[in-house]
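What you are looking at is a predicted structure, and each value in this text was computed from that prediction instead of being measured. Hydrogens, waters and symmetry mates are skipped; everything else that's a heavy atom, side chains included, is used.
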Amino acid sequence: MYPSKKLHRYHELLHLVGLLNSRAVYREREVNEIFRNVWDDFAYLRRELVDHGYLRRNSRGEYWLVDGSECFEILHADAPL
């Protein structure tokens, strides 16, 4: 189940970002397969990353992380360890 508390959600987003290669471009199916191992509603997880600005998508259905170091800085600030 996806965490309901904001801080816990940020930790989950941090975990999801860590599952992706910051230099890779993924097809939607590839992202789904990676996130399916985390939670059955993998599409929700994918949308969470897009909505929070950590994952980008183009019209061809390709996904990639925004600058990897920027992702981790933002996420660590939101979800301090």
Side-chain angles (χ1 to χ4, degrees):
M1 178 172 225
Y2 196 67
S4 60
K5 291 189 177 188
K6 186 176 181 179
L7 180 63
H8 295 189
R9 281 197 308 267
Y10 282 122
H11 280 287
E12 186 62 31
L13 292 175
L14 180 62
H15 173 70
L16 295 174
V17 166
L19 297 175
L20 300 172
N21 181 331
S22 63
R23 295 185 181 121
V25 175
Y26 296 92
R27 302 294 300 170
E28 186 171 301
R29 183 181 345 184
E30 294 171 308
V31 175
N32 291 346
E33 285 300 316
I34 293 167
F35 293 164
R36 179 178 280 131
N37 294 321
V38 175
W39 193 35
D40 289 338
D41 192 356
F42 50 85
Y44 179 78
L45 299 177
R46 189 184 68 238
R47 284 191 306 272
E48 280 285 286
L49 284 178
V50 171
D51 289 348
H52 283 87
Y54 307 120
L55 192 63
R56 303 276 193 232
R57 180 182 190 277
N58 63 22
S59 60
R60 294 184 305 255
E62 297 172 329
Y63 291 83
W64 64 94
L65 288 173
V66 295
D67 178 79
S69 61
E70 182 182 347
C71 271
F72 283 106
E73 287 175 22
I74 294 167
L75 285 167
H76 281 295
D78 289 335
L81 300 176

Side-chain (N32) to main-chain (F35) donor-acceptor, under 3.5 angstrom: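 No; judged by distance alone, with no hydrogens or angles, the pair does not exist.
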
As an exercise, state the distance from [atom1] of [X] to [atom2] of [Y], rounded to the nearest 0.5 Å.
X	Y	atom1	atom2	answer
F42	E28	CZ	CD	8.5 Å
L19	N37	CG	CG	8.5 Å
D51	L13	CG	CG	10.0 Å
E48	D41	CD	CG	10.0 Å
R56	L65	CZ	CG	10.0 Å

How far apart are the closest heavy atoms of [X] and [Y], and which atoms are they?
X	Y	answer
N21	Y26	N-OH, 2.7 Å
L55	W64	CD1-O, 3.3 Å
E30	V25	OE1-O, 4.2 Å
Y63	R27	CD1-C, 4.5 Å

